[in-house]
Amino acid sequence: QVQLVESGGGSVQAGGSLRLSCAAFGYTYYNYYMGWFRQAPGLEREGVAAIYTLGGSTYYADSVKGRFTISQDNANNTLYLQMNSLKPEDTAMYYCAASTKIWITNAYMLRKNEYNYWGQGTQVTVSS
């Protein structure tokens, strides 16, 4: 079993920055992919950024490219999401996720169905 615990959410003004963290506990050896997803009220959960934990390759949603950066600290089993130039439309609950699939094609890295472990989420609110 794997437990994921997010932190770092909060309220900021547009143009501000936040850094989300996701601590992974348990049997994390087979977390080959990890990602950040978000869900705004009334909308589907969408993928924001993902990383292949063994090689470090990353993948981003077009809406956050150039503004968000996903990274990992393997020694401490922690995933990060640095969010800069935040916009009101970034307001959502942000979730950390892990996948034990050995391989996910790039086109599927942001699909929620590819991930089998989820955190409880951390709220990000961006005001204009």
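The analysis underlying the following values was restricted to heavy atoms, covering all of them including side chains, and did not include hydrogens, waters or symmetry mates. The structure displayed is predicted, hence computed values, not measured ones.
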Peer 1: So, do Trp36 and Ile70 sit near enough that their side-chain heavy atoms are less than 4.5 Å apart?
Peer 2: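 Result yes, sub-4.5 Å side-chain heavy-atom pair found.
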Peer 1: Can you find a heavy atom in the side chain of Tyr95 that is under 4.5 Å from one in the side chain of Gln39?
Peer 2: yes
Peer 1: So do the side chains of Tyr32 and Ser99 get within less than 4.5 Å of each other, counting heavy atoms only?
Peer 2: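 Of all side-chain heavy-atom pairs linking Ser99 with Tyr32, none is under 4.5 Å.
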Peer 1: Between Tyr33 and Ile102, is there a shared hydrophobic cluster once you connect ILVMFWY residues whose side-chain heavy atoms come closer than 4.5 Å?
Peer 2: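 In one cluster with Tyr33: Ile102, yes.
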Peer 1: Parallel, tilted or perpendicular, judged at 30° and 60°: which one describes the rings of Tyr115 and Phe37?
Peer 2: perpendicular
Peer 1: Got a donor-acceptor contact below 3.5 angstrom from the Asp90 side chain to the Lys87 backbone?
Peer 2: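 Yes, the answer is positive, given that a donor and an acceptor are paired below the 3.5 Å cut-off.
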Peer 1: If the threshold is 4.0 Å, N to carboxylate O, is there a salt bridge linking Lys65 and Asp62?
Peer 2: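 Result for this pair is yes, salt bridge flagged.
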Peer 1: Keeping the roles fixed (side chain from Asp73, backbone from Ala75), state whether a donor-acceptor pair exists under 3.5 Å.
Peer 2: yes
Peer 1: For the hydrophobic clusters of this structure (ILVMFWY residues joined by side-chain heavy atoms under 4.5 Å, transitively), does one cluster hold both Met93 and Phe68?
Peer 2: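 Met93 and Phe68: separate clusters.
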Peer 1: Counting heavy atoms not belonging to Gln3, are there more than 12 under 6.0 Å from its CD?
Peer 2: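 Yes, CD of Gln3 has more than 12 neighbouring heavy atoms, counting only those of other groups under 6.0 Å.
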Peer 1: Would you call Glu6 and Ser21 a side-chain contact if the rule is heavy atoms closer than 4.5 Å?
Peer 2: no
Peer 1: Apply the test side chain to side chain contact (heavy atoms under 4.5 Å, CB included) to residues Lys101 and Glu114: give CA-CA distance (whole Å), side-chain angles for both, the deciding distance (0.1 Å), then the verdict.
Peer 2: CA-CA 8 Å; Lys101 290 192 173 185; Glu114 301 295 321; 2.7 Å; yes
Peer 1: State yes or no: do Trp118 and Leu4 share one hydrophobic cluster built from I, L, V, M, F, W and Y residues joined by side-chain heavy-atom distances below 4.5 Å, directly or via other members?
Peer 2: no
Peer 1: Using only atom types and a distance under 3.5 Å, with no angle test, would you say the side chain of Asn84 pairs donor to acceptor with the backbone of Gly16?
Peer 2: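 Not confirmed, Asn84 side chain does not pair with Gly16 backbone.
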Peer 1: Would a 4.5 Å heavy-atom cut-off, applied to side chains only, mark Leu110 and Val48 as touching?
Peer 2: no
Peer 1: Can you name the closest pair of heavy atoms from Gly47 and Ala61 and give their distance?
Peer 2: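 That would be O-CB, 3.5 Å.
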Peer 1: Nearest 0.5 angstrom please: Leu86 CG to Ser11 OG, how far?
Peer 2: 11.0 Å
Peer 1: Look at the side-chain heavy atoms of Ile, Leu, Val, Met, Phe, Trp and Tyr, link any pair under 4.5 Å apart, and say whether Tyr117 and Val5 land in one connected group.
Peer 2: no
Peer 1: Which heavy atom of Cys96 sits nearest a heavy atom of Met34, and at what distance?
Peer 2: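 Closest pair (atom of Cys96, atom of Met34, distance): SG-CE, 3.8 Å.
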Peer 1: Restricting to non-hydrogen atoms, name the atom on Ser128 and the atom on Pro88 that form the minimum distance, rounded to 0.1 Å.
Peer 2: CB-CG, 3.9 Å
Peer 1: With rounding to the nearest 0.5 Å, note down the distance linking CD in Gln82 to OG in Ser17.
Peer 2: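 One finds 6.0 Å between CD of Gln82 and OG of Ser17.
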Peer 1: Flag the pair Val64 / Arg38 as yes when at least one side-chain heavy-atom distance between them is below 4.5 Å, and no otherwise.
Peer 2: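 Result yes, sub-4.5 Å side-chain heavy-atom pair found.
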Peer 1: Distance from Ile51 atom CD1 to Gln72 atom CD, nearest 0.5 Å?
Peer 2: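 With rounding to 0.5 Å, CD1 (Ile51) is 4.0 Å from CD (Gln72).
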Peer 1: Are side-chain heavy atoms of Thr69 and Leu81 found at a separation under 4.5 Å?
Peer 2: no
Peer 1: Before accepting this row, confirm whether a basic side-chain N of the pair Glu46/Lys112 lies closer than 4.0 Å to the acidic partner's carboxylate O.
Peer 2: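 So Glu46 does not pair with Lys112 through a salt bridge.
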Peer 1: Find the distance between CG (Leu18) and OG1 (Thr125) and round it off to the nearest 0.5 Å.
Peer 2: 9.5 Å
Peer 1: May I ask you to establish whether Arg19 and Tyr80 are in a cation-pi arrangement, using a distance under 6.0 Å from NZ or CZ to the six-membered ring centre and at most 45° from the ring axis?
Peer 2: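 Verdict for Tyr80: a cation-pi partner in Arg19.
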Peer 1: Heavy atoms, side chains only, cut-off 4.5 Å: are Thr91 and Val124 in contact?
Peer 2: no
Peer 1: Not counting sequence neighbours, list each pair that qualifies as a side-chain hydrogen bond (donor to acceptor under 3.5 Å, both in side chains) and has a residue in residues 49-60.
Peer 2: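 Residue pairs passing side-chain hydrogen bond (donor to acceptor under 3.5 Å, both in side chains), neighbours aside: none found.
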